[in-house]
Undergrad: 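For reference, the structure I am asking about is given below.
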Amino acid sequence: MKPRSAAAHLRREAQTGRKLELVSRRAVAEVSSGRYRSQFKGRGNVFSEVRAYAPGDEVRTIDWNVTARTGVPHVKVFEEERELAVWLVVDLSGSSAYGSRHHSKAEAAGKIAACVAQAALSGGDRVGLIAFGEGRHVVVPPRKGRQQSIAIFEALAGAGDAAGARTLAGALKHLLELRRRPALVFVISDFDFDQSAADKRVLAAASRRFDLVPIVVRDSAEEQLPRGSGSVLLEDAETGERLLVDLSSARARATFAKHARGERALQEALFRGLRLDAIFLDPEADGARALALLMRRRALGRRAP
């Protein structure tokens with residue numbers, strides 16, 4: 001599919017997503033209201049100054065460093081942020097090209113990113129994008145308006161060769177450099193990384209600064225091998241490593257499924273440790289509906305434990 005026609009496809013997907021709750025008129029109205037923003041930690045307020053404590057001030061706003069230095073209680077003062085900054089971090093690496101049925105993981109990631117962008121821009125918020133992968137890197141600075149949606153859809157459809165972040169950790173490092181203030185960040189990836197100590201530190205740093213929403217796109221065929229009478233050659237899209245697997249072997253299928261469950265468990269443990277609300281999504285699933293369910297859960301105060 002050519003980049004321009006692919007971009008048009010994404011725009012159509014985003015318009016279709018309007019029929020679902022995330023991008024319905026009611027939900028879009030909530031994007032620009034305090035009710036929606038209050039569902040996300042730290043949204044709506046930015047640090048302004050420090051002043052002396054006054055009766056009635058909340059204890060949780062006390063600046064203990066300044067208080068200890070001066071010997072006089074001081075509190076932090078915050079101002080309401082008029083706009084919600086939304087960032088999309090989208091994985092377009094080699095493994096995202098896989099799809100066992102109608103849609104690849106990359107197509108699913110692009111579709112859900114388009115829906116989020118459409119909802120946020122319709123609510124008057126600024127939206128930015130970092131798309132990354134092997135030989136693909138693009139940054140769209142956060143802006144408002146219809147032209148921004150076009151820029152994002154074009155970038156998702158045809159991120160060209162460029163120097164820059166090519167891994168999830170690299171993309172998050174780049175975002176930490178670009179954005180010093182809090183933001184709502186949707187990370188759309190299969191999270192197929194080694195979970196090294198360095199990568200975990202970057203994810204933890206991003207989760208402390210931003211309200212991070214991981215959207216894990218995993219094809220169900222990656223969880224379990226199909227039954228068969230012959231052998232199949234599996235290839236790792238990231239490393240190129242190949243493995244010949246006998247589909248008639250129950251032991252081989254069990255080993256594959258166990259490994260997949262182990263990877264999923266590691267991801268869940270990582271998100272749980274950082275108290276992140278994650279969505280696990282199959283490429284064929286309704287991504288906008290999954291996001292709508294997340295928003296409703298947050299509205300009821302059911303956050304990550």
Undergrad: Less than 4.5 Å apart, any side-chain heavy atom of Glu263 and any of Gln267?
TA: no

Undergrad: Picking from Val216, Leu276, Leu212, Leu203, what satisfies side chain to side chain contact (heavy atoms under 4.5 Å, CB included) with Val187?
TA: Leu212

Undergrad: With a 4.5 Å cut-off on side-chain heavy-atom distances among I, L, V, M, F, W and Y, is there a chain of contacts connecting Leu266 to Leu274?
TA: no

Undergrad: About how many Å separate CD of Glu107 and CD of Glu284, when rounded to the nearest 0.5 Å?
TA: 9.0 Å

Undergrad: Determine whether Tyr53 and Trp64 fall in the same hydrophobic cluster, where Ile, Leu, Val, Met, Phe, Trp and Tyr are linked whenever their side-chain heavy atoms lie under 4.5 Å apart.
TA: yes

Undergrad: For residues Pro283 and Ala108, report the shortest heavy-atom separation together with the two atoms involved.
TA: CA-CB, 3.7 Å

Undergrad: State the CG-CG distance between Asp211 and Leu184, to the nearest 0.5 angstrom.
TA: 5.5 Å

Undergrad: Which of these, Val202, Val185, Val139, sits in a side chain to side chain contact (heavy atoms under 4.5 Å, CB included) with Leu175?
TA: Val185

Undergrad: Output yes when a side-chain donor or acceptor of Gln148 lies under 3.5 Å from a complementary backbone atom of Pro141, and no otherwise.
TA: yes

Undergrad: Between the side chain of Arg209 and the main-chain N/O of Leu176, is any donor-acceptor distance below 3.5 Å?
TA: yes

Undergrad: What distance do Arg143 atom CZ and Leu121 atom CG have between them, rounded to the nearest 0.5 Å?
TA: 12.0 Å

Undergrad: Has Asp282 got a side-chain atom pairing as donor or acceptor with Ser220's backbone, closer than 3.5 angstrom?
TA: yes

Undergrad: Going only through I, L, V, M, F, W and Y residues with side-chain contacts under 4.5 Å, is there a path from Val75 to Val59?
TA: yes

Undergrad: Report the C-alpha distance between Ile130 and Leu178 in whole Å, list the side-chain angles of each, state the deciding distance to 0.1 Å, and finish with yes or no for side-chain contact (heavy atoms from CB on, under 4.5 Å).
TA: CA-CA 11 Å; Ile130 295 179; Leu178 289 173; 4.2 Å; yes

Undergrad: If I take atom CG from residue Leu168 and atom CD1 from residue Ile188, how far apart are they, to the nearest 0.5 angstrom?
TA: 12.0 Å

Undergrad: Hey, what do you get for CZ (Phe210) to CZ (Arg181), rounding to the nearest 0.5 Å?
TA: 12.5 Å

Undergrad: Among Leu281, Val217, Leu92, exactly one meets side chain to side chain contact (heavy atoms under 4.5 Å, CB included) together with Lys105. Which residue is that?
TA: Val217

Undergrad: Is Arg179 reaching over with its side chain to a backbone N or O of Pro182, donor-acceptor style, under 3.5 angstrom?
TA: yes

Undergrad: Please report the interatomic distance CG(Leu129) to CH2(Trp87), rounded to the nearest 0.5 Å.
TA: 8.0 Å

Undergrad: Below 4.5 Å, heavy atoms only, C-beta onward: do Asp91 and Phe191 meet side chain to side chain?
TA: no

Undergrad: Looking only at heavy atoms, which two atoms of Lys200 and Leu270 are closest? And how far apart?
TA: CG-CD1, 4.1 Å

Undergrad: Whether Glu268 and Arg264 form a salt bridge (side-chain N of Lys/Arg under 4.0 Å from carboxylate O of Asp/Glu) is what I want to check.
TA: yes

Undergrad: What is the minimum heavy-atom distance between Leu156 and Ala114, and which atoms define it?
TA: CD1-N, 4.4 Å

